[in-house]
2 protein chains.
Amino acid sequence: MANQIPRIIIGRLPLYLRAITRLKKEGHDYASSHELGKLLDISAAQIRKDLSHFGELGKRGKGYEIEFLISKLNQILNTDDVWRIIVIGAGDIGSGLARYKGFINRGFKVSAIFDIDPQKIGKKIGDLVVKDLGEMEAYITSNQIQIAVLAIPAENSQDVIDDLVKAGITAILNYAPIYLKAPEGVQIEHIDPSVHLQKLSYFLK
Amino acid sequence: MANQIPRIIIGRLPLYLRAITRLKKEGHDYASSHELGKLLDISAAQIRKDLSHFGELGKRGKGYEIEFLISKLNQILNTDDVWRIIVIGAGDIGSGLARYKGFINRGFKVSAIFDIDPQKIGKKIGDLVVKDLGEMEAYITSNQIQIAVLAIPAENSQDVIDDLVKAGITAILNYAPIYLKAPEGVQIEHIDPSVHLQKLSYFLK
DNA sequence: TAGATTGTTAATCGATTAACAATC
DNA sequence: TAGATTGTTAATCGATTAACAATC
């Protein structure tokens, strides 16, 4: 099972998981590739092909058992357990993430939030108290954190990335509108609303 | 110039624009496809191929004139002018977007923010005052808004989408962790941090 | 059994890369 | 001119789709 799955397939698995979790909430027990496909605007053939990389997950004639597929997808994505993640930057985005209730059943939990601004350090956000950025490295090491979310201005982000990696972080979700370099083996994902808006505006007028 | 450009290429143009804008800020006048490629982890050949869809934008022997390429990309992406966009939902994400200083030089400006919660209506966020969701449709019509950002809980988002489209919105950036249906011709982009985090966690452990 | 839907192969389609003539 | 880099063609690579035997 699963010898170097293409990245593009991995990128679709969270969407499958999100869609099928919704079907479960609606009371379904089984979902066919066609149903899922309609929900996601993805062809049924592609969904079957993607899933088949991880074994025979469906039942011919019936579809995919939802409970089973959910647990299988979580297993594949390593979200069986909850990852403790840290957030760097206690601005609007960082605060929003720290307060966000939706992470926990997707496999994540913000366990600390850091900022460099003395005005913010010590402030309470949701269940957390903003920590001094200076404590970040020690925190990562002693809590064995692997995932960090960067929610700070672009100018400072490359420096912080370097510190994060040095401390042992191996996966970064970056909200700064800038492309960042990380050493081989450190995964980075980017979220930049302006990029999405520009994709949209291309099609307008 | 430009007969039905593949979506995947359009998706890269904002990245080119972001990278080259940075090079401008650093004082460069020209950028070669190799420089850009190194900055973005994209092959030089691909960058040249992508850009060539829109004419001969470079100078052989020199590269791309930065000032010219920026204006050309803005022209292609329709971000020459500033789009007035609206934000639905005045929670952390909505507030963050309303206060975000980075939109204006990427071609966007939040011109109104709406919420359904009486506690939030009337509150000041940045330069804006939160409006009643009930005023949304009238606002869209009379201001000819085309782009909306959805930053509300998943449960309510399909209803709001329908209202948005009815009022004339043709492009939506959706922060709710759910796949939404919109009629043909209405573009939707999705941002769901959990999806990105799950892509990251796949590679861990 | 009949109907439905998977898993998988082969065919198609599209995107990326390599290579190089054109040319600044 | 010599060196550099584009624009573009052809070759390669990879992803998607169509189709259907297997089977629940």
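Proteins get letters first, then strands, A, B, ... in listed order; numbering begins at 1 in each. What you see is a predicted model, and the numbers here were worked out from it, not measured in a lab.
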| query | Is B:D192 salt-bridged to A:R106, going by a charged N under 4.0 Å from an acidic O? | reply | yes
Which whole-number value in Å describes the distance from [X] [atom1] to [N] [atom2]?
| X | N | atom1 | atom2 | result |
| --- | --- | --- | --- | --- |
| B:L36 | D:dG7 | CG | C1' | 16 Å |
| A:E35 | C:dT5 | CD | P | 8 Å |
| B:I66 | D:dT6 | CD1 | P | 12 Å |
| B:I47 | D:dT8 | CD1 | P | 17 Å |
| A:H53 | D:dT16 | NE2 | C1' | 12 Å |
| B:D29 | D:dT5 | CG | P | 15 Å |
| B:I10 | C:dG14 | CD1 | C1' | 16 Å |
| A:E56 | C:dT9 | CD | P | 11 Å |

| field | Toward the 5' end of DNA chain C, by each residue's nearest nucleotide, A:K62 or A:A45 | value | A:K62
| query | Just checking B:I9: base, sugar-phosphate only, or nothing, at a heavy-atom cut-off of under 4.0 Å? | reply | nothing
| query | Base, sugar-phosphate, or nothing: which does A:L51 touch, judged by heavy atoms less than 4.0 Å apart? | reply | nothing
| said: Could you tell me the Watson-Crick or G-U partner of D:dA21, where both distances fall under 3.5 Å? Say none if there is no partner. | reply: C:dT6
| note | Taking a pair to mean Watson-Crick or G-U wobble geometry with both distances below 3.5 Å, C:dA11 pairs with D:dT16
| Quick one: do the A:S95 and B:D92 side chains pair a donor with an acceptor below 3.5 Å? | no
If the cut-off is 4.0 Å, is [X] near the phosphate of [N], judged by side-chain N/O to OP1 or OP2?
| X | N | answer |
| --- | --- | --- |
| B:S33 | D:dT6 | yes |
| B:Y30 | C:dC24 | no |
| A:R12 | D:dT16 | yes |
| A:R48 | C:dT6 | yes |
| B:S43 | C:dT16 | no |
| A:R7 | D:dA15 | no |

Nucleotide nearest [X] (side chain, heavy atoms from C-beta), chosen from [options]:
| X | options | value |
| --- | --- | --- |
| A:H34 | D:dA10, C:dT6, C:dA15 | C:dT6 |
| A:K49 | C:dC24, D:dA19, D:dT17 | D:dT17 |
| B:S52 | C:dT6, D:dT16, D:dG7 | D:dG7 |
| A:Y64 | D:dT8, C:dT16, C:dG7 | C:dG7 |
| A:S32 | C:dG7, D:dA10, C:dT5 | C:dT5 |
| A:Q46 | D:dT16, C:dA19, D:dC24 | D:dT16 |

Hey, what do you get for [atom1] ([X]) to [atom2] ([Y]), rounding to the nearest 0.5 Å?
| X | Y | atom1 | atom2 | result |
| --- | --- | --- | --- | --- |
| B:W83 | A:L200 | CH2 | CG | 10.5 Å |
| A:L150 | A:L164 | CG | CG | 5.5 Å |
| B:Q75 | B:F68 | CD | CZ | 8.0 Å |

| request: Measure distances between side-chain N and O atoms of B:R60 and base N and O atoms of D:dT6, and say whether any donor-acceptor pair falls under 3.5 Å. | output: yes
| task | Check the pair B:Y179 / B:N174 against side chain to side chain donor-acceptor pair (under 3.5 Å), numbers first and verdict last. | result | CA-CA 9 Å; B:Y179 186 81; B:N174 169 45; over 6 Å; no
